[in-house]
Amino acid sequence: QVQLVESGGGLVQAGGSLRLSCAASGLTFSSYVMGWFRRAPGKEREFVAAINWSGGNTAYAESISGRFTLSRDNAKSTVYLQMNSLKPDDTAVYYCAGGKVITSHSPAYDYWGQGTQVTVSS
């Protein structure tokens, strides 16, 4: 059974940083593209970032480009989202997802975590 477990969310002041982790099990992690999406209150789920199997190719949403960095450790079956210069608009539930192609299209991802809450206070 595939499991994606996010951690690292919490409450932070604007301008602060958080690092989210997503630990995967039950799949050949190094074969999967890993992505992050988020859903803010009252809004649609939106793409944040994705990384290919080797970590050599990444894609970022414009809204977070330059502030967030995605990386992965295939030996630990874990992907990390380093979030710096956080803004109140970044407040959302953040979801980890696994798929086969780098895309911002959420239905293309096969597996999803339960999400972790990130709250940025002003």
Side-chain angles (χ1 to χ4, degrees):
Q1 182 179 357
V2 175
Q3 281 194 311
L4 301 179
V5 180
E6 302 96 335
S7 61
L11 174 63
V12 65
Q13 287 190 328
S17 298
L18 283 174
R19 188 175 83 153
L20 304 185
S21 299
C22 172
S25 60
L27 76 169
T28 305
F29 181 76
S30 59
S31 298
Y32 278 82
V33 165
M34 299 303 295
W36 285 91
F37 289 76
R38 67 186 182 184
R39 176 173 282 157
K43 294 188 177 180
E44 299 280 321
R45 181 169 55 190
E46 65 172 353
F47 171 76
V48 175
I51 188 166
N52 76 330
W53 68 273
S54 69
N57 189 17
T58 52
Y60 296 95
E62 266 193 47
S63 59
I64 57 88
S65 184
R67 299 188 296 121
F68 293 9
T69 303
L70 188 53
S71 61
R72 66 189 295 158
D73 184 339
N74 287 342
K76 296 182 178 180
S77 297
T78 301
V79 63
Y80 305 99
L81 183 66
Q82 178 66 44
M83 307 187 296
N84 298 329
S85 302
L86 282 161
K87 306 174 181 180
D89 282 351
D90 295 318
T91 295
V93 177
Y94 283 71
Y95 298 90
C96 173
K100 287 298 191 177
V101 295
I102 288 186
T103 178
S104 60
H105 189 54
S106 60
Y109 290 82
D110 301 315
Y111 304 109
W112 291 85
Q114 293 298 307
T116 186
Q117 176 70 48
V118 171
T119 303
V120 184
S121 64
S122 57

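Quantities reported herein were computed from a predicted structural model and do not represent experimental measurements.
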*Heavy atoms only: give me the nearest Ala49-Tyr60 pair and the separation to one decimal.*
CB-CD2, 3.6 Å
*Shared ILVMFWY cluster between Met34 and Val2, side chains joined below 4.5 angstrom?*
yes
*For the residue pair Asp110 and Tyr32, establish whether any side-chain heavy-atom pair is separated by less than 4.5 Å.*
yes
*asked:* With a 4.5 Å cut-off on side-chain heavy atoms, are Ser30 and Thr28 touching?
replied: yes
_So, using salt bridge (charged side-chain N to carboxylate O under 4.0 Å, His left out) as the criterion, who are the partners of Arg19 when residues are at least two apart?_
none
*Taking C-beta and beyond as the side chain, do Gln82 and Ser17 meet within less than 4.5 Å on heavy atoms?*
yes
*Of all the heavy-atom pairs spanning Ala14 and Ser122, show the shortest one and how long it is.*
CB-CA, 4.3 Å
*Cation-aromatic face contact Arg72/Phe29, 6.0 Å, 45 degrees*: yes
*Minimum heavy-atom separation for Leu86 to Arg67, with atom names?*
CA-NH1, 3.9 Å
*Indicate yes or no: at least one non-hydrogen side-chain atom of Leu70 is less than 4.5 angstrom from one of Trp36.*
yes
*Hey, does Leu18 have a side-chain heavy atom less than 4.5 Å from the side chain of Val118?*
yes
*Under the salt bridge (charged side-chain N to carboxylate O under 4.0 Å, His left out) rule, collect the residues that match up with Arg38, sequence neighbours excluded.*
Glu46, Asp90
*asked:* Ignoring hydrogens, what is the shortest heavy-atom contact between Val101 and Tyr109? Give both atom names and the distance.
replied: O-OH, 3.9 Å
*Are Leu81 and Phe68 close enough that some pair of their side-chain heavy atoms sits under 4.5 Å apart?*
yes
*asked:* What verdict does the side-chain hydrogen bond (donor to acceptor under 3.5 Å, both in side chains) test give for Asp73 and Thr78, after you've listed the backbone C-alpha separation in whole Å, the side-chain angles of each residue and the deciding distance to 0.1 Å?
replied: CA-CA 5 Å; Asp73 184 339; Thr78 301; over 6 Å; no
*Apart from Leu11 itself, which Ile, Leu, Val, Met, Phe, Trp or Tyr residues share its cluster (side-chain heavy atoms under 4.5 Å, direct or through members)?*
none
*Going by heavy atoms in the side chains, are Leu20 and Glu6 under 4.5 Å from each other?*
no
*Treat each ILVMFWY residue as a node, draw an edge where side-chain heavy atoms are under 4.5 Å apart, and state whether Leu27 and Ile102 are in one component.*
no
*Check the angle between the aromatic planes of Phe37 and Trp112 and answer parallel, tilted or perpendicular using the 30° and 60° thresholds.*
tilted
*Report the distance from atom CG of Leu4 to atom OG of Ser77, rounding to the nearest 0.5 Å.*
10.5 Å
*Flag yes if more than 12 heavy atoms outside Lys100 fall under 6.0 Å of its NZ atom; otherwise flag no.*
yes
*asked:* Give me the atom names and distance for the closest heavy-atom approach of Ser21 to Tyr80.
replied: OG-CD2, 3.4 Å
*Could you give the distance from CE (Met83) to CD1 (Ile64), rounded to the nearest 0.5 Å?*
10.0 Å
*Is Asn52 reaching over with its side chain to a backbone N or O of Asn57, donor-acceptor style, under 3.5 angstrom?*
yes
_Please check: side-chain N/O of Thr116 versus main-chain N/O of Gly9, any donor-acceptor pairing under 3.5 Å?_
yes
_Interatomic spacing from CZ in Phe47 to OG in Ser63 - rounded to 0.5 Å_ = 9.5 Å
*Would you say Cys96 and Val79 make side-chain contact, with heavy atoms under 4.5 Å?*
yes
